[in-house]
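Each remark here refers to the structure printed beneath this line.
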Amino acid sequence: MYRTRAILLSGTALLASAGTAHADTGTTAGTTISNTASVSYTVNGNAQTTNSTTSSFVVDRKANFTVTLDQSGFTQATVNQQNVFVKFKVTNTTNGTQDFILDPDQQNISLGILPGTDNFDLTGLKAYVDKNGNGVYDPGVDTAEYIDELAPDASATVFLVGNVPNSQSINLAFTSMHVTIATGGTANSLGAALVATDLNLANADNTVDIVFADDDSDGAYAGDIARNGQGRAYGGVQVTASNVALSVTKTAKVISDGVNALLPKALPGAEVEYCFVVNNGTANTAASAVVLTDLIPANTTYVPGSISLGPVGILGACLLTGSTEDDDDSDSGEIDGYTASFNPTSKTVTMNIASVPGNTSVGALFHVKIN
């Protein structure tokens, strides 16, 4: 009687390389993994060996990436500024080299993703890739409008670029960088957007299926949480005015002449009040460190201790309430933001206002006597 004993030995795995493994993204998509088992057996006491058939499959593409805002807070800009940019970072965590389609846009975000209220749009909106890696948009240098051949675990800096309109009323523009993963493999050519094939029932072992694994869960200001091969992150541009509509009105009024009580005239010895109204006609933007400087005119003499600043008055009064200031600007205990001084050598009055808020007026005055 013939006796046969078979022993299945450990298999031998063979990799037909279509790429190599990466630290974070795993084995490269398209890599063939093959395995053959070896068998030993005996026939009538004779040792024999053979091999199993080879089982092979290819590693599928786990399409994944993140889009994040790559700066702190809003980009600060001024009215009519050109080529303002918001910086984002795209990181490829796919197990393959990919292209990425950049689609910048602007949205009025009402879900509290960004602080503040969107009230204007940038013009000429474009997206560019940082070519020289300096983190600053360089017109004429950073010209690529898509990410080309981004390796696994690598990142690319991209800029959302636009122009600020010429309007004093603008304040915040909310922007977003919308990114779609695309086919890689051909340098200097944008591939088509990937299409998921993980629902393919055939699930052929020799076919590289595409499985979307993105959910943007780690992205700052994320806006796309679906597994759809797309990602989005938000940023913004905040406009701060470089100037305001500041005007100063100066008037003179005789307040006493030593002769007429009701209608004083500009007689020698009469006292004259100079009144200043400083108005900031720009909303939401203060004028800071306002300094009024006035030379005492010829044929007059400054009245010591007569400088006063405060809210604008009504019914012909220069000030509603006034804060009398020291003539030597030594008002060290001041808490109202006003100081003043008189220089007897240059015969100059200087009045300092710490801040004039938007759409607000501040008054100031001093007296002279007619020689």
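The structure displayed is predicted, hence computed values, not measured ones.
- Thr186 OG1 to Asp148 CG: the interatomic distance, rounded to the nearest 0.5 Å, is 9.0 Å.
- Distance OG/Ser308 to NE2/His367: 8.5 Å, rounded to 0.5 Å.
- Residues Val244 and Val277 do not share a hydrophobic cluster, clusters being chains of Ile/Leu/Val/Met/Phe/Trp/Tyr side chains in contact below 4.5 Å.
- Linking ILVMFWY residues whenever their side-chain heavy atoms come closer than 4.5 Å, directly or via other members, places Leu125 and Val79 in the same cluster.
- When each of Thr175, Thr75, Val158, Val136 is tested with Phe85 by the rule side-chain contact (heavy atoms from CB on, under 4.5 Å), just one qualifies, namely Val136.
- Of the possible donor and acceptor atoms, one in the side chain of Asp214 sits under 3.5 Å from a partner among the backbone N and O of Gly229.
- Counting heavy atoms from C-beta on, the side chains of Gln238 and Leu172 come closer than 4.5 Å.
- Remark: the backbone N or O of Thr36 is not paired with any side-chain donor or acceptor of Ser52 at under 3.5 angstrom.
- Side-chain N or O atoms of Ser167 include none that pairs as donor or acceptor with a backbone N or O of Pro165 at under 3.5 Å.
- Formation of a donor-acceptor pair under 3.5 Å by the Asn299 side chain with backbone atoms of Pro268 is not found in this model.
- Remark: side-chain polar atoms of Glu273 are not paired, donor with acceptor, to backbone N or O of Ala252 under 3.5 angstrom.
- Separating the CZ atom in Phe212 from the CD atom in Gln230 is a distance of 8.0 Å, to the nearest 0.5 Å.
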Handout entry: Test side chain to side chain contact (heavy atoms under 4.5 Å, CB included) applied to Lys347 and Tyr302, step by step
Key = CA-CA 8 Å; Lys347 296 184 178 181; Tyr302 169 72; over 6 Å; no
Handout entry: Check against side chain to side chain contact (heavy atoms under 4.5 Å, CB included), Lys62 and Val211
Key = CA-CA 5 Å; Lys62 185 180 181 181; Val211 179; 5.6 Å; no
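- Pairing each heavy atom of Ala364 with each of Leu292, the nearest pair is CB-CD1, 4.2 Å.
- Counting only heavy atoms from C-beta outward, the side chains of Ile181 and Thr94 approach each other to under 4.5 Å.
- In this structure, Asp142 contributes its side chain and Lys131 its backbone to a donor-acceptor pair below 3.5 Å.
- Applying the ring-ring contact (aromatic ring centres under 6.0 Å, His included) criterion to Tyr128, with sequence neighbours excluded, gives Tyr137.
- Heavy atoms of other residues, nucleotides or ligands lying less than 6.0 angstrom from NZ of Lys89 number 12 at most.
- With respect to Phe342, the side-chain contact (heavy atoms from CB on, under 4.5 Å) criterion is satisfied by exactly one of Thr350, Val303, Ile296: Ile296.
- Contact detail for Asn92 and Phe65: the closest heavy-atom pair is CA-CB, 4.2 Å.
- In the hydrophobic cluster analysis, where Ile, Leu, Val, Met, Phe, Trp and Tyr join through side-chain heavy atoms closer than 4.5 angstrom, Val272 is grouped apart from Ile255.
- With sequence neighbours excluded, no residue forms a ring-ring contact (aromatic ring centres under 6.0 Å, His included) with Phe74.
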Exercise for the section: Check the pair Ile307 / Val349 against side chain to side chain contact (heavy atoms under 4.5 Å, CB included), numbers first and verdict last. Expected result: CA-CA 8 Å; Ile307 306 173; Val349 172; 3.8 Å; yes
Exercise for the section: Begin with the C-alpha distance, continue with both residues' side-chain angles, and end with the deciding distance and a verdict on side-chain hydrogen bond (donor to acceptor under 3.5 Å, both in side chains) for Asn119 and Thr117. Expected result: CA-CA 6 Å; Asn119 65 0; Thr117 302; over 6 Å; no
Problem - Stepwise side chain to side chain contact (heavy atoms under 4.5 Å, CB included) check, Leu267 with Ile370 - result: CA-CA 7 Å; Leu267 305 175; Ile370 301 173; over 6 Å; no
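- The minimum heavy-atom distance linking Phe174 with Gly116 is given by the pair CZ-O, 3.6 Å.
- Side chain of Thr50 to backbone of Val39: no donor-acceptor contact under 3.5 angstrom is found.
- The side-chain heavy atoms of Lys265 and Val259, taken from C-beta on, include no pair separated by under 4.5 Å.
- By the rule that hydrophobic residues join a cluster once side-chain heavy atoms approach within less than 4.5 Å of another member, Ile353 and Phe276 end up as members of one cluster.
- Contact check for Ser155 versus Val90: no side-chain heavy atoms found under the 4.5 Å cut-off.
- With contacts defined as side-chain heavy-atom distances shorter than 4.5 Å, the pair Val179/Phe88 does not qualify.
- Using a 4.5 Å heavy-atom cutoff, the side chains of Phe159 and Asn83 are not in contact.
- With a 4.5 Å cut-off on side-chain heavy atoms, Asn279 and Thr249 do not count as touching.
- One N or O on the side chain of Thr93 and one on the backbone of Asn64 form a donor-acceptor pair closer than 3.5 Å.
- The shortest distance between side-chain heavy atoms of Asn163 and Leu122 does not fall below 4.5 Å.
- Between the side chain of Asn95 and the backbone N or O of Arg61, no donor-acceptor pair lies under 3.5 Å.
- The minimum heavy-atom distance between Ala182 and Gly191, with the atom names listed, is CB-O, 3.4 Å.
- Judged purely by atom type and a 3.5 angstrom limit, Gln82 uses its side chain to pair as donor or acceptor with the backbone of Asn80.
- A salt bridge links Arg232 with Asp105; the closest basic N to acidic carboxylate O contact falls under 4.0 Å.
- Distance check, rounded to the nearest 0.5 Å: CG of Asn35 to OG1 of Thr54 gives 8.0 Å.
- The distance from the CD1 atom of Ile147 to the CG atom of Leu102 is 5.0 Å, given to the nearest 0.5 Å.
- Contact record, Ala127 with Met177: CB-CE, 3.9 Å, taken as the closest heavy-atom pair.
- Scanning both residues, Val237 and Ala77, for their nearest heavy atoms gives CG1-CB, 3.8 Å.
- Under a hydrophobic-cluster definition in which Ile, Leu, Val, Met, Phe, Trp and Tyr are linked whenever side-chain heavy atoms come within less than 4.5 Å, directly or via other members, Leu309 and Val356 are assigned to the same cluster.
- Between atom CG of residue Leu263 and atom CG of residue Asn260 there is a gap of 7.0 Å, rounded to the nearest 0.5 Å.
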Exercise for the section: Could you walk me through whether Thr339 and Asn352 pass the side-chain hydrogen bond (donor to acceptor under 3.5 Å, both in side chains) test, one step at a time? Expected result: CA-CA 5 Å; Thr339 59; Asn352 305 294; 3.0 Å; yes
Exercise for the section: Please assess Asp209 against Thr197 for the test side-chain hydrogen bond (donor to acceptor under 3.5 Å, both in side chains), listing each intermediate value before the final yes or no. Expected result: CA-CA 5 Å; Asp209 282 323; Thr197 61; 3.1 Å; yes
